[in-house]
Amino acid sequence: MDITVAVNNFGDTRSGGLAGPMGLFVIVLMSIATVLLIRNMNKRLRRLPDSFPDVKQTQREAEIARLNADLERSGAGEAASDVEADRSSTAGAAADNEVTGITTQGDGDSADGDNRRV
């Protein structure tokens, strides 16, 4: 009878003398890489602004810019500005008449042209 007693199947421990220094080298390399990555992230975080603009406000501004560009391309903006200029000159004259007390009807009428008495 052949009895085998506790055979070491894990390899020869004497010939694997390079495993310890190689493991230390890998750990040191990983530590250096981690430190460099943390420094890089800190630099990038410092470059970021304190706060970012509101997304809804940015979308509103983009929509307004797009509408203004559409108006400039169609030429409708020029016609609208001419009409507004004409309206403001006549409205200003009517307001001046009201302020100075010039009436549109005969004597005794109110300044706004309303014939009703209060």
Side-chain angles (χ1 to χ4, degrees):
M1 269 208 270
D2 205 17
I3 298 179
T4 318
V5 181
V7 178
N8 184 0
N9 291 328
F10 300 113
D12 189 12
T13 57
R14 298 276 180 195
S15 65
L18 191 59
M22 193 59 139
L24 179 63
F25 178 71
V26 169
I27 290 173
V28 168
L29 273 179
M30 289 175 62
S31 300
I32 291 172
T34 304
V35 168
L36 291 176
L37 284 172
I38 290 172
R39 288 181 60 195
N40 188 17
M41 283 190 295
N42 282 334
K43 285 181 184 178
R44 289 178 182 269
L45 285 174
R46 279 190 220 116
R47 285 188 227 154
L48 290 175
D50 290 336
S51 64
F52 291 98
D54 184 25
V55 175
K56 291 181 182 179
Q57 179 67 23
T58 306
Q59 289 173 348
R60 277 186 241 125
E61 290 172 359
E63 181 69 18
I64 290 170
R66 186 185 62 79
L67 291 174
N68 286 338
D70 290 344
L71 281 175
E72 289 175 2
R73 271 189 269 132
S74 68
E78 296 172 5
S81 65
D82 294 341
V83 170
E84 291 299 321
D86 292 341
R87 288 182 186 168
S88 64
S89 64
T90 56
D96 290 341
N97 288 340
E98 289 179 17
V99 171
T100 56
I102 298 174
T103 59
T104 56
Q105 304 278 330
D107 291 330
D109 290 341
S110 64
D112 60 357
D114 189 8
N115 294 331
R116 294 176 288 168
R117 299 283 174 176
V118 181

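Ile32 and Leu24 end up in the same hydrophobic cluster when Ile, Leu, Val, Met, Phe, Trp and Tyr side chains are linked at under 4.5 Å. Ile38 and Met30 fall into different hydrophobic clusters, where Ile, Leu, Val, Met, Phe, Trp and Tyr are joined by side-chain heavy atoms under 4.5 Å apart, directly or via other members.
Taking CZ of Arg39 as the reference point, atom CG of Leu37 lies at 11.5 Å (rounded to 0.5 Å). Here CG of Leu48 is found 15.0 Å from NZ of Lys43. Values are rounded to the nearest 0.5 Å.
Alongside Ile27, the hydrophobic cluster contains no other residue (criterion: ILVMFWY side chains under 4.5 Å).
With sequence neighbours excluded, no residue forms a side-chain hydrogen bond (donor to acceptor under 3.5 Å, both in side chains) with Arg46. For Gln57, the side-chain hydrogen bond (donor to acceptor under 3.5 Å, both in side chains) partners at least two apart in sequence or on another chain are Arg60, Glu61.
The environment of CZ in Arg66 is crowded: more than 12 heavy-atom neighbours from other residues, nucleotides or ligands sit within 6.0 Å.
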